[in-house]
There are 2 protein chains.
Amino acid sequence: MTLKEPEAIAKSGVEETRLRILAAARKLYAERGSRGTTTREVADLAGVNEATLFRHFGTKQQLLAAMYDHFSEASAYVSILERMLEISGMEAQLRFLGAEAIESLRRKEDLIKVSMAEEIAFPEAGTCAWRAPVAGKLMLTEYMRERVEAGELQGDPETLARIFMSLFFAYVMANRIWSGEERPRDSVVQTIVDTFVNGARPR
Amino acid sequence: MTLKEPEAIAKSGVEETRLRILAAARKLYAERGSRGTTTREVADLAGVNEATLFRHFGTKQQLLAAMYDHFSEASAYVSILERMLEISGMEAQLRFLGAEAIESLRRKEDLIKVSMAEEIAFPEAGTCAWRAPVAGKLMLTEYMRERVEAGELQGDPETLARIFMSLFFAYVMANRIWSGEERPRDSVVQTIVDTFVNGARPR
DNA sequence: GCCACATGCAAGTACCCGCTTGCAGAGGTT
DNA sequence: AACCTCTGCAAGCGGGTACTTGCATGTGGC
């Protein structure tokens with residue numbers, strides 16, 4: 001612990017402080033929006049002095065941007081796609097993808113709602129929060145194109161991708177409002193994918 | 001203009017003031033959220049003194065509630081359902097419904113986003129803003145039940161209703177984020193309804 | 001021992017916001 | 001003319017908020 005990586009130890013403390021602040025910001029911003037949350041509250045929740053918060057991030061808006069950036073998980077989508085392709089059978093692949101989409105959306109539901117509301121006032125944050133879903137849609141469009149060319153699906157690939165994602169997007173976003181009873185996740189995924197692939201017409 | 005309806009003339013002026021304030025509140029709240037908007041700004045945009053705003057609505061929160069209440073159009077759904085039932089053929093009915101849903105959602109997109117972001121901080125407003133969609137889903141569930149009993153569709157009616165509405169909900173909400181090119185509305189409706197009824201599998 | 005640095009602490013600045021108040025004018029009613 | 005109601009205007013109150021500053025403390029590296 002003496003001379004390996006000069007400022008690593010100090011940095012690790014610094015980094016942990018940063019992370020605590022970012023986590024606190026996410027929690028409070030998600031609950032009340034960035035405008036409904038004071039920097040003092042964020043600092044308190046992070047167990048940090050307000051001055052420290054400003055020394056790290058400079059501005060409340062820069063803190064917001066840093067938060068979106070840190071929690072966007074844009075890279076996660078690639079690994080999901082890779083794991084999906086290891087599964088055989090289109091419907092099983094789509095079910096896997098749907099389940100992952102629900103998990104991902106649910107994890108970021110709070111951020112998405114905040115960014116929706118603040119996208120006009122603070123557009124950078126909006127684009128940042130949406131970066132991952134947009135990337136996901138691009139990859140899914142490519143997948144749909146292959147399915148269509150293979151004769152397994154029909155229609156415009158981009159529209160298919162959008163419809164597919166819409167189903168899960170709306171399921172998560174509107175869950176609290178529309179839900180009667182909460183159904184188990186796998187059953188929901190099964191129903192949605194089945195309807196997407198086969199439609200609602202009786203067979 | 002002398003003695004018909006004693007305070008009607010005065011009231012009409014009063015009513016117009018109220019409406020101007022409500023419209024201004026909607027515009028600004030939609031742009032920046034209720035917390036991001038000051039009562040002074042609302043009053044200015046309405047061309048009204050701030051004191052007048054408070055004399056009308058008492059509190060900023062009461063203004064917000066009054067705004068949701070005024071713009072919710074909860075009654076519109078009944079007439080849409082009635083007009084839909086005059087059309088013959090399930091797919092044509094669903095296309096009509098989808099087109100109306102897009103129009104209605106687009107008109108209220110701003111309010112929905114505001115209420116989404118504020119539903120935790122101010123739940124009453126949320127329920128108020130969602131009253132109309134919830135009522136619409138109930139009616140649509142009933143419709144789906146009839147289609148299923150008639151053998152025209154299969155599945156759980158409530159789930160079918162939810163899937164159907166989700167498709168249009170997400171289409172409007174995520175339009176700005178996902179859109180490549182804007183497609184004509186009727187074409188979009190056609191594609192979505194067709195996929196809902198027949199699925200994406202080639203025929 | 002000394003330096004560099006991250007942090008806590010306390011106080012403060014300069015503004016902003018929701019909301020109130022008192023007064024005055026304008027319009028219509030009786 | 002007397003009155004009532006709606007409104008504008010200007011000032012202000014109390015509290016909050018983003019952000020700053022100066023100083024003290026502790027910790028690890030040289």
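As the structure is a prediction and not an experimental result, all values here were calculated from the model.
The existence of a salt bridge linking A:Glu149 and A:Arg145 is excluded, since no basic side-chain nitrogen approaches an acidic carboxylate oxygen closer than 4.0 Å. The pair B:Glu31-B:Lys27 counts as a salt bridge, with a side-chain nitrogen and a carboxylate oxygen less than 4.0 angstrom apart.
Applying the salt bridge (Lys or Arg N to Asp or Glu O under 4.0 Å) rule to B:Arg107 yields the partners B:Glu73; only residues at least two apart in sequence or on another chain are considered.
A straight line from CZ of A:Arg32 to C1' of D:dT17 spans 14 Å, rounded to a whole angstrom. Following rounding to the nearest Å, A:Glu16 (CD) and D:dT27 (C1') show an atom-to-atom distance of 15 Å. With rounding to whole Å, A:Leu64 atom CG is found 17 Å from D:dT17 atom P. Straight-line distance from the CG atom of B:Asp44 to the P atom of D:dG8: 11 Å, rounded to whole Å. With rounding to whole Å, B:Ile21 atom CD1 is found 8 Å from D:dG8 atom P. If you take CG of B:Leu53 and C1' of D:dG8, they are 14 Å apart, rounded to a whole angstrom.
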Its contact letters, B for base, S for sugar-phosphate only and - for none at protein heavy atoms under 4.0 Å, make nucleotides 16-24 of chain C read -BBBBBB--
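Residue B:Gly36 is out of contact with every strand shown, counting any heavy-atom pair closer than 4.0 Å.
Listed pair A:Thr52 / C:dA6 fails the phosphate criterion, with no side-chain N or O lying under 4.0 Å from OP1 or OP2. Note on B:His56: a side-chain N or O is less than 4.0 Å away from OP1 or OP2 of D:dT7.
Applying side-chain contact (heavy atoms from CB on, under 4.5 Å) to B:Ile192 and the options B:Val189, B:Val188, B:Asp194 leaves one that passes, B:Val188.
Ring geometry for A:Phe196 versus A:Phe164: interplanar angle over 60°, hence perpendicular rather than tilted (30 to 60°).
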Full working for side chain to side chain donor-acceptor pair (under 3.5 Å) between A:Thr159 and B:Arg183: CA-CA 10 Å; A:Thr159 306; B:Arg183 288 171 53 208; 3.2 Å; yes
